[in-house]
K.L.:
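Shown below is the structure under consideration.
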Amino acid sequence: MSGPDEPAVPNASESPAGLAVADLAAAQEQGLAGFEAATTLDALAAARTGHLGDRSPLARARKAIGSLPGPQKADAGKRVNAVAGALQAVYDRRRGELERERDERVLVEEAVDVTVVPSRPLGGRHPLTTLSERVVDVFVAMGWELAEGPELEHEWFNFDALNFLPDHPARQMQDTLFVEPEGSGLLLRTHTSPVQVRSMLDRRPPIHVVCPGRVYRADALDATHSPVFAQVEGLCIDEGITMAHLRGTLDHLASALFDEGSGEGLTTRIRPNYFPFTEPSAEIDLQCFACRGASAVEGAEPCRVCSSEGWIEWGGCGMVNPAVLVAGGIDPERYSGFAFGMGLDRALMFRHGITDIRDFYEGDQRFTLALGREA
Ligand code: PHE
């Protein structure tokens, strides 16, 4: 029997359902075990319903307090609350642990791998890049070197060293894009030929360099003109170099680029022309790869690619002017050389029947992809 000062400690026989010490201890023990055993947040939520929910033994015990005689109510309430508090604390801790585990797992499982390559092709190599690399490959295979120069160039390299006289029309504002401030001597290179001079100053003969790059002219943009276009330059300097070497090199390039293994020997022809930096100078024409010149004969089938000319204008070439060798620090008494330069845009336009040069510079991926597949 408990005295008036001691808390009543009812046992099962005299307490209503669930309020006995042993019942509450069992509810606490089972609840704790249930919470500890839960390994997922869902399992923990289910355990909470079972041990702390409205129909849990604890909730039933709480309800039973009402049926106790008045003096026992407070005491029973304290004991129920103690169990509820202990269970709630363990539940809260376990929930914190499981939430942390879940967050860590989500970080790992749902991480975005930015290095994954998309399964759909998003773009293609630009056809000018592809052609420029093919040209360079032809020369590298012969032991030539790749050389590059700046697009923002000094007037001396672009004009003076190449033997352009001070009043040459190419030096006028309407042909060349000069860079401010006026008199800075800077311009956007109008051709890849300044790389010839840079290459001579950088190396000793024998010199064999191929130089692809972008060039600029003060042309209005229309279907056949662009203020920016692509060229490739070649320079060969050694003892005893003649125009025969030039012809052989150009024919080799033409058939390597456009014959595609047919072995039919697509050729080039040269016609007299004038450039300040070559002497003699010539225009290079490429035999039409569509009709191979057949359309130029009277009464033959017309050819759309070359307008029945049989030939396509390709670029300029010649023997390096001795004045240019001198500017490049090379002895013209001992060495001679040839140089050539040609547009890459034109060659591609003919090759693929492109009628608008703007397609190369507008960045439309459909164009790049279509030509990329053909290249
Ligand atoms: N630089 C000349 C042009 O842009 C082409 C050329 C290069 C001519 C080399 C002769 C020698 O038209």
Side-chain angles (χ1 to χ4, degrees), residues 128 132 135-136 139 144 147-151 153-165 168-172 174-177 187-200 207-219 224-238 241-251 253-254 268-286 312-328 330 332 335-347 357:
L128 283 172
S132 149
V135 173
V136 170
F139 285 96
W144 291 41
E148 282 176 309
E151 290 172 25
E153 185 54 284
H154 199 281
E155 205 173 351
W156 188 81
F157 284 105
N158 197 81
F159 292 133
D160 299 80
L162 290 169
N163 200 36
F164 282 82
L165 295 177
H168 192 283
R171 297 201 190 222
Q172 303 297 303
Q174 59 268 28
D175 290 316
T176 297
L177 294 161
L187 44 75
L188 293 176
R189 67 179 178 193
T190 61
H191 50 177
T192 40
S193 299
V195 188
Q196 287 187 31
V197 183
R198 289 181 173 274
S199 303
M200 290 182 216
I207 296 173
H208 299 89
V209 290
V210 56
C211 338
R214 259 194 295 265
V215 302
Y216 301 84
R217 290 195 195 163
D219 273 330
T224 53
H225 297 87
S226 163
V228 52
F229 53 100
Q231 280 193 337
V232 62
E233 189 92 6
L235 173 71
C236 159
I237 296 176
D238 202 349
I241 295 295
T242 72
M243 234 164 166
H245 296 112
L246 171 61
R247 284 304 309 276
T249 307
L250 293 174
D251 281 352
L253 178 63
T268 58
R269 89 178 165 185
I270 57 176
R271 289 176 292 126
N273 194 9
Y274 172 78
F275 297 104
F277 40 96
T278 42
E279 182 58 37
S281 301
E283 206 58 25
I284 315 163
D285 294 337
L286 177 68
I312 296 162
E313 282 178 32
W314 205 16
C317 65
M319 301 306 292
V320 181
N321 191 312
V324 177
L325 291 175
V326 170
I330 289 170
Y335 295 103
S336 57
F338 68 77
F340 60 86
M342 64 246 321
L344 292 177
D345 310 69
R346 264 180 83 74
I357 195 172

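Atoms within each ligand, like the ligands themselves, are counted from 1 in listed order.
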K.L.:
So which heavy atom in the protein is nearest atom 2 (C) of ligand 1, and how far is it from that ligand atom?
P.N.:
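Sorting protein heavy atoms by distance from atom 2 (C) of ligand 1 puts Phe277 CZ, 3.8 Å first.
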K.L.:
Using a strict cut-off of less than 4.0 Å between a Lys/Arg side-chain nitrogen and an Asp/Glu carboxylate oxygen, indicate whether Asp285 and Arg271 qualify as a salt bridge.
P.N.:
yes
K.L.:
Tell me whether Arg198 forms a cation-pi arrangement with Phe157, defined as NZ or CZ under 6.0 Å from the six-membered ring centre and within 45 degrees of its axis.
P.N.:
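Yes, a cation-pi geometry holds between Arg198 and Phe157.
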K.L.:
Using a 4.0 Å heavy-atom threshold (strictly under), name the region of Arg217 that reaches ligand 1: side chain, backbone, both or neither.
P.N.:
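Near ligand 1, Arg217 shows its side chain, while the N, CA, C and O stay back.
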K.L.:
Give a yes/no verdict on whether any heavy atom in Gln231 is under 4.0 Å from an atom of ligand 1.
P.N.:
yes
K.L.:
Would Gly315 count as a contact residue for ligand 1, given that I'm defining contact as a non-hydrogen atom of the residue lying under 4.0 Å from a ligand atom?
P.N.:
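No heavy atom of Gly315 comes that close to ligand 1.
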K.L.:
Using the benzene-type ring in the case of Trp, are the ring centres of Phe340 and Phe277 under 6.0 Å apart?
P.N.:
no
K.L.:
Should the heavy atoms of other residues, nucleotides or ligands under 6.0 Å from CZ of Arg214 be counted, would the total exceed 12?
P.N.:
no
K.L.:
I'd like to know whether Asn158 forms a side chain to side chain donor-acceptor pair (under 3.5 Å) with Thr190, so could you lay out the CA-CA distance, the side-chain angles of the two residues, the decisive distance to 0.1 Å, and finally the verdict.
P.N.:
CA-CA 7 Å; Asn158 197 81; Thr190 61; 3.0 Å; yes
K.L.:
For ligand 1, which atoms sit closer than 4.0 Å to a heavy atom of Gln196?
P.N.:
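Here the atoms of ligand 1 in question are 9 (C).
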K.L.:
Which of the numbered atoms in ligand 1 are below 4.0 angstrom from a heavy atom of Ser193?
P.N.:
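Taking each heavy atom of Ser193 in turn, ligand 1 has 1 (N), 7 (C) under 4.0 Å.
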K.L.:
Looking only at protein heavy atoms, identify the closest one to atom 9 (C) of ligand 1 and say how far it is in Å.
P.N.:
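In this structure, atom 9 (C) of ligand 1 has Glu233 OE2, 3.3 Å as its nearest protein heavy atom.
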K.L.:
Under a 4.0 Å threshold between the charged nitrogen and the carboxylate oxygen, would Asp251 count as salt-bridged to Arg269?
P.N.:
no
K.L.:
For Thr278 and ligand 1, does the shortest N/O to N/O distance drop below 3.5 Å?
P.N.:
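N/O-N/O distance below 3.5 Å does not exist for this pair.
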K.L.:
Measuring from Leu235:CG to Cys211:SG, what's the distance to the nearest 0.5 Å?
P.N.:
7.0 Å
K.L.:
Heavy-atom contact under 4.0 Å between Met319 and ligand 1?
P.N.:
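Met319: no contact with ligand 1 (<4.0 Å).
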